[in-house]
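In what follows, chains are A, B, ... by sequence order, proteins preceding strands, each numbered from 1.
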2 protein chains.
Amino acid sequence: MPAKRQPAPATAEHAPLQLEHFLPYRLSILSNTISQTIADDYQRRYDISVTEWRVMAVLARFDGLSAREVAERTAMDKVAVSRALARLVAAGRVSRAIHDDDKRRSVLGLTETGWAMHDEVAPMARAREREVLAKLDAEERAWLERILDKLQPAKP
Amino acid sequence: MPAKRQPAPATAEHAPLQLEHFLPYRLSILSNTISQTIADDYQRRYDISVTEWRVMAVLARFDGLSAREVAERTAMDKVAVSRALARLVAAGRVSRAIHDDDKRRSVLGLTETGWAMHDEVAPMARAREREVLAKLDAEERAWLERILDKLQPAKP
DNA sequence: TGCAAATGGTTTCATATGAAACTATAACGT
DNA sequence: ACGTTATAGTTTCATATGAAACCATTTGCA
């Protein structure tokens, strides 16, 4: 019975997954494609990784965060944040001080250099996002928004 | 002028990205969360990685593919496929022969052991997908389908 | 107080990953 | 035929990543 498996019978007997219609797979491909396209824009130019850029993006919005808070907001783990910060501080893009009331905690923020870079990269990132969304019409964009909201874990 | 940056003024001056509304970022989080949830199901139990599982999934559908064809269908690069195959063959889950007319090419397929595992994992994966999609109603699911089709590069 | 448990952050170690170099075979052009 | 170029697949090397161990400080509470 289990002889050489040929395409047709195998399908019939075993109900294999169709990856191209499998949501997790499709999301993974789409997400990687989009992120990589955007990252290509700035990685070579500024020698910065996606994780580093994400750290900079949250610090642009929330000045004075601790490393743990950055990790929360970026959904990265603390090791990744620690390493990204080490590089960013070394490159003079992020400043790190020690919290007055708690010497374990760091107080992070963009430096002037960091801001300068941010102000160049942020518009590029937004432009790329617009390019992607341009493939959809207004109605589809609205649904996408709504669908992502429902699927997302939704943090407090 | 560039003194201590505080949250509010920074935002006003520099228009920072709001990651939580930035499509690439949201997709990345969502995709990782979902893939990881599913992977947790089988990784420990079967000592297999996501990439290995994807290779098995395409071989379940298309018997006799070459490594390059597997790479195409999984959107993985050939190094990743080569390594996944090495492990899968060693574990006795995939069979590898040499193509009759082209000795460079391999002819791949699931073994009986591979099929047995496939037939346990595939339903689990599908069940997880259903759990995710259960958060959406029928209309939203239809839109998601349509939106993914439009955003996806669409391979021949 | 003073000591156990918790927390912020870094380092270590083992594994994962991709680009480029490499080997073997096949296809092409003359 | 025969050398050049292309292709399938593997190996190497350098980098990325996460879990767990680790250090320093703070918190909780007897």
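- For the residue pair B:Thr113 and B:Gly92, the shortest heavy atom distance occurs at CB-O, 3.5 Å.
- Residues meeting the salt bridge (charged side-chain N to carboxylate O under 4.0 Å, His left out) test with A:Glu20, sequence neighbours left out: B:Arg61.
- Here B:Ser82 does not reach the OP1 or OP2 of D:dG9: none of its side-chain N or O atoms lies under 4.0 Å away.
- Rounded to a whole Å, the CZ atom of B:Arg68 is 16 Å from the C1' atom of D:dT10.
- For the salt bridge (Lys or Arg N to Asp or Glu O under 4.0 Å) condition, the pairs that include at least one residue of residues 26-39 of chain A, sequence neighbours left out, are A:Arg26-B:Glu145, A:Arg26-B:Asp149.
- Pairs passing the ring-ring contact (aromatic ring centres under 6.0 Å, His included) check and including a residue from residues 119-145 of chain A, sequence neighbours excluded, read A:Trp143-B:Trp143.
- For the ring pair (Phe, Tyr, Trp, His ring centres under 6.0 Å) test, residues two or more places apart in sequence or in another chain that qualify with B:Tyr42 are B:Trp53.
- In this entry the distance linking NZ of A:Lys78 with C1' of D:dA19 reads 10 Å, nearest Å.
- With sequence neighbours left out, the salt bridge (charged side-chain N to carboxylate O under 4.0 Å, His left out) criterion links B:Asp40 to no other residue.
- Whole-Å rounding puts the A:Gln43 CD to C:dA19 P distance at 11 Å.
- In this view, B:Arg146 and A:Glu140 satisfy the salt bridge (charged side-chain N to carboxylate O under 4.0 Å, His left out) rule, not counting sequence neighbours.
- For A:Arg105, the salt bridge (charged side-chain N to carboxylate O under 4.0 Å, His left out) test picks out A:Asp102, with sequence neighbours left out.
- Judged by the 6.0 Å and 45° rule, B:Arg73 forms a cation-pi pair with B:Phe62.
- Taking atom CG of residue B:Leu85 and atom P of nucleotide D:dA8, one finds them 14 Å apart after rounding to whole Å.
- Phosphate contact (OP1/OP2 of C:dT10, side-chain N/O of A:Arg96, threshold under 4.0 Å): present.
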Below 3.5 Å between N/O atoms, which protein atoms pair up with nucleotides 15-18 of chain C? Just atom names and distances, please.
unit_1	atom_1	unit_2	atom_2	d
C:dG18	OP2	B:Asp77	OD2	2.9
C:dG18	N7	B:Arg83	NH2	2.7
C:dG18	O6	B:Arg83	NH1	3.3
C:dG18	O6	B:Arg83	NH2	3.2

All N/O pairs under 3.5 Å across the protein-nucleotides 26-28 of chain C interface:
unit_1	atom_1	unit_2	atom_2	d
C:dA26	OP1	B:Lys103	N	2.9

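- In this structure, A:Ser106 reaches the C:dG9 phosphate: one of its side-chain N or O atoms is under 4.0 Å from OP1 or OP2.
- Rounded to whole Å, the distance from CD1 on A:Ile98 to C1' on D:dT25 is 11 Å.
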